[in-house]
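To start, the structure itself, in structure tokens.
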Number of protein chains: 2
Amino acid sequence: MATLRDVAIAAGVSPATASRALSAPDSVSTARRHRVIEAAERLGYQPNRSAQALASGQSGHVGLVLPDLANPSFAAIAKGVQAQARGSRHSVLVADTDEDPRAELAIVRDLQANVDGLVLCSPRMPEEQIRECAAAGPLVLVNREVDGLPSVTFDSASGVTQALQHLRALGHRHIAYIGGPTSSWSDAHRRRALGSVDGIEVTDVGSHRPIHQGGVAAADLALETGATAFLCYNDLIALGVMFRLRARGVRVPDDVSVVGFDDIGAASYVSPLLTTVAIPLTRAGHEATTMLERLRLDGWDGHAVRLPVELLVRESTRPVPTPA
Amino acid sequence: MATLRDVAIAAGVSPATASRALSAPDSVSTARRHRVIEAAERLGYQPNRSAQALASGQSGHVGLVLPDLANPSFAAIAKGVQAQARGSRHSVLVADTDEDPRAELAIVRDLQANVDGLVLCSPRMPEEQIRECAAAGPLVLVNREVDGLPSVTFDSASGVTQALQHLRALGHRHIAYIGGPTSSWSDAHRRRALGSVDGIEVTDVGSHRPIHQGGVAAADLALETGATAFLCYNDLIALGVMFRLRARGVRVPDDVSVVGFDDIGAASYVSPLLTTVAIPLTRAGHEATTMLERLRLDGWDGHAVRLPVELLVRESTRPVPTPA
DNA sequence: GAAACAGATGAATGCGCTTTCAACGCGATG
DNA sequence: CATCGCGTTGAAAGCGCATTCATCTGTTTC
């Protein structure tokens with residue numbers, strides 16, 4: 001493997017000049033720069049990132065911590081981070097915490113010691129711990145807000161309001177909210193908006209695991225409330241709910257309407273197509289990474305980014321059935 | 001940030017001993033080892049990976065290259081790689097090529113220069129280029145086989161056979177195969193098994209994009225063949241097919257049966273539940289990473305891993321309708 | 001024409017760690 | 001009792017690069 005020294009010798013310059021020619025082209029005369037670049041290509045030179053990192057104090061890596069790579073929502077965020085990081089010549093070190101909050105802190109610490117910045121997607125880590133991490137290095141939160149820390153979140157309160165208004169316009173007056181994990185920031189955030197629309201009563205059906213199975217379990221509870229429409233913490237739950245409703249012979253949307261959150265791919269594969277609040281996850285990955293870079297260069301400007309969400313009305317909601 | 005030197009001083013030993021106490025505990029006396037470990041914890045010491053990498057020649061990173069992080073199949077592989085890598089104290093550097101074959105080579109090269117090994121998931125990179133990459137460093141292929149290179153693949157030929165036999169047992173005699181990208185290794189591999197079951201005629205409906213939309217487009221073509229069952233390259237396509245069939249008033253499985261490949265989550269969210277060939281993607285990630293480690297230590301034993309697949313019979317297949 | 005200067009260059013230093021290598025102390029061996 | 005050998009230790013070298021600093025060249029200014 002060719003080193004910078006080899007390139008320098010081949011180009012007939014000193015290692016210092018070779019280094020500059022490749023990383024600060026303007027500070028080298030045109031002729032030498034070309035010689036160096038040509039030599040580098042000829043030798044197939046690939047810079048040793050570890051050496052660069054050690055010498056410059058910049059690892060060239062961005063860390064990404066998330067609960068579950070296989071969850072389509074987090075995967076979408078990862079994709080966004082990845083794309084944006086490559087744009088700024090950074091690689092992404094990804095760590096899946098496997099929904100294990102205990103391992104999380106150790107993972108974050110280890111990662112943080114070896115990256116230029118961290119994108120942290122941890123719905124459940126205690127605020128205090130997050131603050132601790134933020135003190136240890138540049139950090140941007142995704143889908144979670146902590147006072148005084150940079151974050152990219154979604155205006156899901158508005159999403160809840162949009163969904164509620166949509167349902168009210170369809171004549172629904174009693175709605176069941178099928179929540180996600182209590183410890184999750186975004187669930188708390190959404191719950192707060194539950195009372196934002198007049199003329200609608202919302203019954204809270206409690207906390208459920210944010211996966212298909214969680215929805216299956218929640219469906220019966222929601223049905224018991226007598227609500228004519230169900231608002232779900234996320235699409236996976238909504239899909240689980242619809243699955244169970246079908247099994248019980250309850251028709252969607254004829255008998256009850258269902259609204260999800262996230263707009264994962266499957267929402268447009270199922271029948272009926274799921275009405276859901278679309279969340280720009282990939283864009284959040286972009287924004288977070290961009291923010292991280294600014295953070296490192298200029299420090300934080302105190303602004304948190306809150307991305308707009310949009311209700312996508314599809315087939316799983318319709319006017320409340322008129323009593324026979 | 002505390003360095004190893006700080007720890008050594010705090011423990012009253014030389015840096016060399018401190019280093020050994022932490023990375024080769026057996027070569028240090030018990031008493032000193034404890035002193036070092038205690039000091040390291042007290043100071044919150046985190047090793048600098050770049051320095052370790054530079055000094056030891058081992059980056060501690062595993063590279064993972066895949067076409068699309070947001071694709072649930074690849075995400076599952078990523079999860080497997082990630083979990084296994086953590087087990088062997090490695091971090092994962094992930095690169096999403098965004099289905100862009102041109103960028104791919106550059107990405108792989110850059111990554112390969114800075115990791116201990118690479119898991120490459122590239123259905124379409126030309127064999128010749130793959131060989132080139134393999135020469136540049138430890139490399140394990142996933143879902144793709146190249147002569148003389150270590151790989152983890154799936155026995156999808158058996159999957160095709162299982163599906164075909166299942167369908168024949170149900171009375172189907174004419175089946176349409178809705179293929180994936182021609183350039184994809186696994187599509188070629190599956191196509192080869194299409195003739196493996198006697199008494200069944202298979203019509204090839206051509207290549208389609210391995211996403212929902214691809215299936216939507218393919219459905220009409222498949223219908224035109226008059227086949228009573230459709231075997232699809234993957235679940236996304238199968239879901240797209242079912243979506244389009246429903247729109248055209250064709251009932252699944254009453255009028256036609258549909259079989260997918262992969263068993264992505266959505267396959268068990270939709271109705272009818274999709275009969276599909278389950279592929280152990282996460283396990284493939286595990287295996288590939290394990291293999292990579294052995295590869296680095298002992299060299300390649302010449303064996304490629306081929307993981308078994310399993311037909312999951314659910315609701316989208318049923319006996320061929322008897323003509324009225 | 002001399003002095004001041006800006007730009008380009010190379011020698012040398014050090015980032016934090018691992019890993020030789022030589023030195024040391026100890027019990028075992030002859 | 002001298003010798004060997006093993007287990008433990010520290011000094012020192014060096015991994016590949018960025019970067020500082022002094023040097024040198026060629027240009028501008030008075």
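Throughout, a chain's letter reflects where its sequence line sits, starting with A, and its residues are numbered from 1.
- For the pair B/Arg86 and A/Asp96, the salt-bridge criterion is not met [side-chain N within less than 4.0 Å of a carboxylate O].
- The local environment of CZ in A/Arg131 is crowded, with over 12 non-hydrogen atoms from other residues, nucleotides or ligands closer than 6.0 Å.
- Partners of B/Trp300 by ring pair (Phe, Tyr, Trp, His ring centres under 6.0 Å), not counting sequence neighbours: none found.
- The existence of a salt bridge linking A/Arg306 and A/Glu145 is confirmed by a sub-4.0 Å separation between a basic side-chain nitrogen and an acidic carboxylate oxygen.
- Applying the salt bridge (Lys or Arg N to Asp or Glu O under 4.0 Å) rule to B/Asp100 yields the partners B/Arg102; only residues at least two apart in sequence or on another chain are considered.
- Nucleotides of DNA chain D lying under 4.0 Å from heavy atoms of chain A occupy a range whose first and last members, 5' to 3', are D/dG16 to D/dT20.
- Interface residues of residues 107-115 of chain B facing DNA chain D, ordered by number: none; criterion, heavy-atom separation under 4.0 Å.
- A salt bridge links A/Arg49 with B/Asp110: the closest approach of a Lys/Arg side-chain nitrogen to an acidic carboxylate oxygen falls below 4.0 angstrom.
- At a non-hydrogen distance threshold of 4.0 Å, B/Val28, B/Ser29, B/Arg32 from residues 28-36 of chain B come into contact with DNA chain D.
- We find that B/Glu104 and B/Arg109 are not joined by a salt bridge, their nearest charged nitrogen and carboxylate oxygen being 4.0 Å or further apart.
- No option in B/Cys121, B/Ser122, B/Pro67 other than B/Pro67 meets the side-chain contact (heavy atoms from CB on, under 4.5 Å) test with B/Thr97.
- Checking each of A/Val28, A/Leu22, A/Leu4 against A/Val36 for a side-chain contact (heavy atoms from CB on, under 4.5 Å) leaves exactly one that passes, namely A/Leu22.
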Dump every N/O contact between nucleotides 18-22 of chain C and the protein below 3.5 Å, one line per pair.
{"unit_1": "C/dT18", "atom_1": "OP1", "unit_2": "B/Gln52", "atom_2": "NE2", "d": "3.0"}
{"unit_1": "C/dT18", "atom_1": "OP2", "unit_2": "B/Ser19", "atom_2": "OG", "d": "2.6"}

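- Residue order along DNA chain C, read from the 5' end via each residue's closest nucleotide, puts A/Ser14 first among B/Leu54 and A/Ser14.
- A salt bridge links B/Asp98 to A/Lys79: one of the charged nitrogens lies within less than 4.0 Å of a carboxylate oxygen.
- Between the side chains of A/Ser73 and A/Asp262, a donor-acceptor pair is found at a separation under 3.5 Å.
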